[in-house]
Amino acid sequence: GDLPDSRLPLRGRNVLVTAGPTQEPLDPVRYLTNHSTGKMGYAIAEQARNMGAKVTLVSGPVSLQAPHGVDVVNVRSAQEMFQAVQGAFEASDITIMAAAVGDFRPAEQAAEKIKKNGRERITLELVSNPDILAWAGANRREGQTLCGFAMETQDLEKNAAKKLTSKHCDMLIANDLRTPGAGFATDTNVVTVLRPGANAEQPHVEHWRKMSKRELAERVLTELAGLHAGIAG
Ligand code: CTP
Ligand code: CA
């Protein structure tokens, strides 16, 4: 039935997760990317599955195993990730965007390998990629719950607050790349969690202790499940 089950609080819910880096091709042999390993997003997808959800995981290229019982959509570029998210968002009850999406891509993808040709310096022209989370925030319908991440190296709370508001998220999980135990390749994370407050300038802010990405995934999904249950009634 539809009664909430305390062990499977997300039973009957669709959860959409983005994870990993994107690869933005430059020519047939090269691409631009970042240090994301996908660990945080995969931990969230697995936890959502454990809580009974039907999970769609849109993943950039990572070396992690596809979690059992999770519907994985493999993508490379930000544009491919955007397409996959657009296809799954409508049906999603809770969406969590943990991917490290490339903000820019090469303006042109060379058809042939770019040659040195004796040059000492070359310039790459980049164009902006779609902001997938911002698109979801702008197109969310009533009853959908949206959670973003933020990676900062300075002014964490101020920058994260801006993202929470401008991307219309219910929750934003921010981490400082330079905090010990936080960042890309670690199995732990240290995060600051922001929720909309009374006004845009004053979000509700919590500093969470260092914990495994697995435990963090559990706490994040427990909060999101509660929020969603509150919204959905
Ligand atoms: N994000 C996204 N699509 C993009 C860029 C970011 O969906 N093209 C999402 C990320 O998955 C994350 C959130 O937006 O959930 C914040 O990403 P982040 O890189 O920290 O912020 P940006 O808005 O891209 O701003 P900047 O990189 O300039 O700090
Ligand atoms: Ca970015």
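Predicted model only: the values in this text are computed from it and were never measured. Remember, it's 1-based here, ligands and their atoms both numbered in the order they're listed.
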Student: Nearest protein heavy-atom contact for atom 5 (C) of ligand 1: which residue, which atom, what distance?
Tutor: Asp103 OD1, 3.6 Å
Student: Between Glu152 and Lys163, is there a side-chain N and carboxylate O pair less than 4.0 Å apart?
Tutor: yes
Student: Can you confirm whether Arg7 is buried at CZ, in the sense that more than 12 heavy atoms of other residues, nucleotides or ligands lie under 6.0 Å from that atom?
Tutor: no
Student: What protein heavy atom sits nearest atom 3 (N) of ligand 1, and how far away is it?
Tutor: Ile132 N, 3.0 Å
Student: Who gets closest to atom 7 (O) of ligand 1 by heavy atom: Ile96, Ile173, Leu133?
Tutor: Leu133
Student: Using a strict cut-off of 4.0 Å, indicate which atoms of ligand 1 neighbour a heavy atom of Met97.
Tutor: 11 (O), 12 (C), 15 (O)
Student: Does Leu216 reach the side chain of Met40, with side-chain heavy atoms less than 4.5 Å apart?
Tutor: yes
Student: In terms of residue, atom name and distance, what is the protein heavy atom nearest to atom 8 (N) of ligand 1?
Tutor: Pro130 O, 2.8 Å
Student: Is there a polar contact, in the sense of an N or O pair closer than 3.5 Å, between Val101 and ligand 1?
Tutor: no
Student: Which atoms of ligand 1 sit under 4.0 Å from any heavy atom of Met151?
Tutor: 20 (O)
Student: Hey, which atoms in ligand 1 end up nearer than 4.0 Å to a heavy atom of Gly148?
Tutor: 15 (O)
Student: Which residue holds the protein heavy atom closest to atom 1 (N) of ligand 1, what is that atom called, and what is the gap in Å?
Tutor: Asp131 OD1, 3.9 Å
Student: Can you tell me if Met81 has a non-hydrogen atom under 4.0 Å from ligand 1?
Tutor: no
Student: How close do Gly148 and Cys169 get, counting heavy atoms only, and between which atoms?
Tutor: N-SG, 3.9 Å
Student: Report the C-alpha distance between Arg140 and Asp170 in whole Å, list the side-chain angles of each, state the deciding distance to 0.1 Å, and finish with yes or no for salt bridge (Lys or Arg N to Asp or Glu O under 4.0 Å).
Tutor: CA-CA 11 Å; Arg140 59 185 289 182; Asp170 300 300; 2.8 Å; yes
Student: Contact between Glu157 and Val205 at the side-chain level, heavy atoms closer than 4.5 Å - yes or no?
Tutor: yes
Student: I'd like to know whether CD of Gln109 has more than 12 heavy-atom contacts from other residues, nucleotides or ligands below 6.0 angstrom.
Tutor: yes
Student: Does a side chain donor of either His228 or Glu223 reach within less than 3.5 Å of an acceptor in the other side chain?
Tutor: no
Student: Give a yes or no on whether atom 19 (O) of ligand 1 lies under 4.0 Å from any heavy atom of the protein.
Tutor: no
Student: Counting no waters, what protein N/O/S atoms lie under 3.0 Å from the Ca ion (ligand 2)?
Tutor: Asp103 OD1, Asp103 OD2
Student: Compute the minimum heavy-atom distance from Ala78 to ligand 1 and say whether it is under 4.0 Å.
Tutor: no
Student: In terms of heavy-atom contacts, does CD of Glu206 have more than 12 from other residues, nucleotides or ligands at under 6.0 Å?
Tutor: yes
Student: Which class fits the ring pair Phe184 and His35: parallel under 30°, tilted 30 to 60°, perpendicular over 60°?
Tutor: tilted
Student: Say whether Ala99, considering both its backbone and side-chain N or O atoms, lies within less than 3.5 Å of an N or O atom on ligand 1.
Tutor: yes
Student: Does atom CZ of Arg178 have more than 12 heavy-atom neighbours from other groups under 6.0 Å away?
Tutor: no
Student: Counting only heavy atoms closer than 4.0 Å, does ligand 1 sit against the backbone of Ala136, its side chain, both, or neither?
Tutor: neither
Student: If the condition is ring-ring contact (aromatic ring centres under 6.0 Å, His included), which residues does Tyr31 pass it with, not counting sequence neighbours?
Tutor: none
Student: For ligand 1, indicate whether the residue Asn159 contacts it via side chain, backbone, both or neither (heavy-atom separation under 4.0 Å).
Tutor: neither
Student: Side chains of Thr37 and Tyr42: donor-acceptor distance under 3.5 Å anywhere?
Tutor: no
Student: So for ligand 1, is Thr18 a polar contact partner (N or O within less than 3.5 Å, distance only)?
Tutor: no
Student: May I ask you to say whether Lys167 pairs ionically with Asp131, meaning some side-chain N is under 4.0 Å from a carboxylate O?
Tutor: yes
Student: Between the side chains of Thr22 and Glu24, does any donor sit under 3.5 Å from an acceptor?
Tutor: yes
Student: Please indicate whether any nitrogen or oxygen in Phe149 is less than 3.5 Å from any nitrogen or oxygen in ligand 1.
Tutor: yes
Student: Would you indicate which of Glu152, Lys163, Lys167 comes nearest to atom 29 (O) of ligand 1 when only heavy atoms are counted?
Tutor: Lys163
